[in-house]
Amino acid sequence: MKLERSFYLNPDVVAVARSLLGKYLYTNFEGKFCGGMITETEAYRGVTDRASHAYGNRRTPRTEVMYQEGGLAYVYLCYGIHSLFNVVTNGKDSPHAVLVRGMVPEFGLDHMTERLNKKSITAKNTNGPGKLTKALGIHFSHTGLNLRGDRIWIEDRGILIEDDKITTGSRIGVDYAKEDASLPYRFVLQSF
DNA sequence: CGGCCGATCCACT
DNA sequence: GTGGATCGGCCGA
């Protein structure tokens with residue numbers, strides 16, 4: 001059920017972002033098993049995408065994981081507070097990634113509720129990239145983890161998402177990316 | 001090595 | 001609907 005290595009090696013990161021909708025993201029930290037269905041993603045198309053951290057083939061200790069072969073987690077700190085979870089895709093030295101921005105919580109609800117300091121949890125509590133990492137216990141120190149390992153992984157549970165259930169649009173917070181800011185690289189599964 | 005700022009969230013109004 | 005929180009990365013000097 002775990003997504004195969006070949007899924008992550010797809011050179012078309014926009015297609016990967018689209019096909020991650022309806023897949024299930026799981027974590028298991030300290031014996032706390034959690035997971036849910038992915039409902040929102042954004043594609044970051046490597047060295048030619050001004051919105052990508054790897055634009056212009058920029059390599060830093062932080063972005064180095066994006067240059068590895070697809071199938072790793074790229075987690076970085078945003079605004080000094082939020083850990084944002086990305087899926088590294090494509091082959092080595094093709095630094096593509098998909099940002100996971102939303103999910104519907106389904107497994108380990110008690111663990112996620114506790115991490116969020118709430119009394120209960122709904123999809124509204126995991127509908128942002130910083131919120132879902134907090135619920136799942138993903139921290140920027142987890143960057144580089146293999147997504148076919150036993151701490152963070154993604155499964156296909158056979159859910160088929162029709163095109164008419166998806167809204168496509170421009171990515172969030174990428175105004176600085178000039179002509180790339182308006183590219184339709186954001187995918188949102190409706191009714192969640 | 002100093003300083004600026006970001007792929008955000010939430011409490012408060 | 002708005003401002004404050006809060007800090008690592010990275011650029012420029």
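As the structure is a computational prediction, the values presented were derived from the model and not from experiment. Sequence lines set the chain letters: A, B, ... in the order given, protein chains first and strands last, and positions in each chain run from 1.
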message: Tell me whether the side-chain N/O atoms of A:Tyr176 come closer than 4.0 Å to OP1 or OP2 in B:dA7.
response: yes

task: Between A:Ala97 and A:Asn125, name the one whose nearest nucleotide on DNA chain B is closer to the 5' end.
output: A:Ala97

Contact residues, residues 49-57 of chain A to DNA chain B [heavy atom, < 4.0 Å]: A:Ala51, A:His53

message: Can you tell me if A:Tyr44 is stacked onto the base of B:dA7, using a 5.5 Å centroid cut-off and an angle below 30°?
response: yes

- request: Answer yes or no: side-chain N or O of A:Tyr76 and base N or O of B:dA7 forming a donor-acceptor pair under 3.5 Å.
  value: yes

task: Evaluate the ring planes of A:Tyr76 and A:His53, with Trp represented by its six-membered ring, and classify them as parallel (under 30°), tilted (30 to 60°) or perpendicular (over 60°).
output: perpendicular

query: Got a salt bridge between A:Lys2 and A:Asp156, using NZ or NE/NH1/NH2 to carboxylate O under 4.0 Å?
result: no

- prompt: Has A:Lys131 got a side-chain N or O lying under 4.0 Å from the OP1 or OP2 atom of B:dC10?
  reply: yes

- prompt: What closest approach, in Å, do A:Glu4 and A:Tyr8 show between heavy atoms, and which atom pair accounts for it?
  reply: O-CD1, 3.5 Å

message: Mind checking if A:Ile172 touches a base, just sugar-phosphate, or nothing, with heavy atoms under 4.0 Å?
response: sugar-phosphate

field: Spacing between A:Tyr74 atom OH and B:dA7 atom C1', to the nearest angstrom
entry: 10 Å

- prompt: To the nearest Å, how far apart are A:Arg58 CZ and B:dA7 C1'?
  reply: 13 Å

message: Does a side-chain N or O of A:Thr60 approach OP1 or OP2 of C:dC10 to a distance below 4.0 Å, or not?
response: yes

Presence of salt bridge, A:Arg115 and A:Asp110, under 4.0 angstrom: no

field: Whole-Å distance separating the CG atom of A:Leu84 from the P atom of C:dG9
entry: 14 Å

task: Check the distance between B:dA7's C1' and A:Arg171's CZ and give it to me in whole angstrom.
output: 9 Å

message: With nearest nucleotide decided by heavy atoms, which residue, A:Phe140 or A:His82, maps closer to the 5′ end of DNA chain C?
response: A:His82

Non-hydrogen atoms of A:Arg58 and A:Thr63 that approach each other most closely: O-OG1, 3.5 Å

message: Nearest 0.5 angstrom please: A:Lys23 NZ to A:Thr41 OG1, how far?
response: 10.5 Å

- request: Please determine if a side-chain N or O atom of A:Arg186 lies less than 4.0 Å away from the OP1 or OP2 oxygen of B:dA7.
  value: no

message: With a cut-off of less than 4.0 Å, is there a side-chain N or O of A:Arg62 near OP1 or OP2 of C:dC10?
response: yes

statement: Heavy atoms of A:Ala43 and A:Val13 approach each other most closely as CB-O, 3.8 Å

message: I'd like to know if A:Arg59 pairs up with A:Asp93 as an ion pair, taking the criterion as any Lys NZ or Arg NE/NH1/NH2 lying under 4.0 Å from an Asp or Glu carboxylate oxygen.
response: yes

message: Expressed as a whole number of angstroms, how long is the span from A:His139:NE2 to C:dG8:C1'?
response: 11 Å

- request: Using a heavy-atom cut-off of under 4.0 Å over every strand shown, decide if A:Ile81 touches base, sugar-phosphate, or nothing.
  value: base

- prompt: A:Tyr26 vs A:Tyr24 aromatic rings, parallel, tilted or perpendicular, using cut-offs 30° and 60°?
  reply: parallel

- prompt: In whole angstroms, how far is the C1' atom of B:dA7 from the CD atom of A:Glu40?
  reply: 11 Å

- request: In whole angstrom, give the distance that lies between atom CG of A:Asp175 and atom P of B:dT8.
  value: 10 Å

- prompt: Can you list the stems that include DNA chain C, where a stem is three or more consecutive Watson-Crick or G-U pairs with distances under 3.5 Å?
  reply: B:1-6 with C:7-12, B:8-12 with C:1-5

Distance, rounded to the nearest Å, where A:Leu77 contributes CG and B:dC4 contributes P: 19 Å

query: Hey, does the side chain of A:Arg101 come within less than 4.0 Å of B:dT8's phosphate (OP1/OP2), counting only N and O?
result: yes

- request: Check whether any side-chain N or O of A:Asp180 sits under 3.5 Å from a backbone N or O of A:Arg50 as a donor-acceptor pair, and report yes or no.
  value: yes

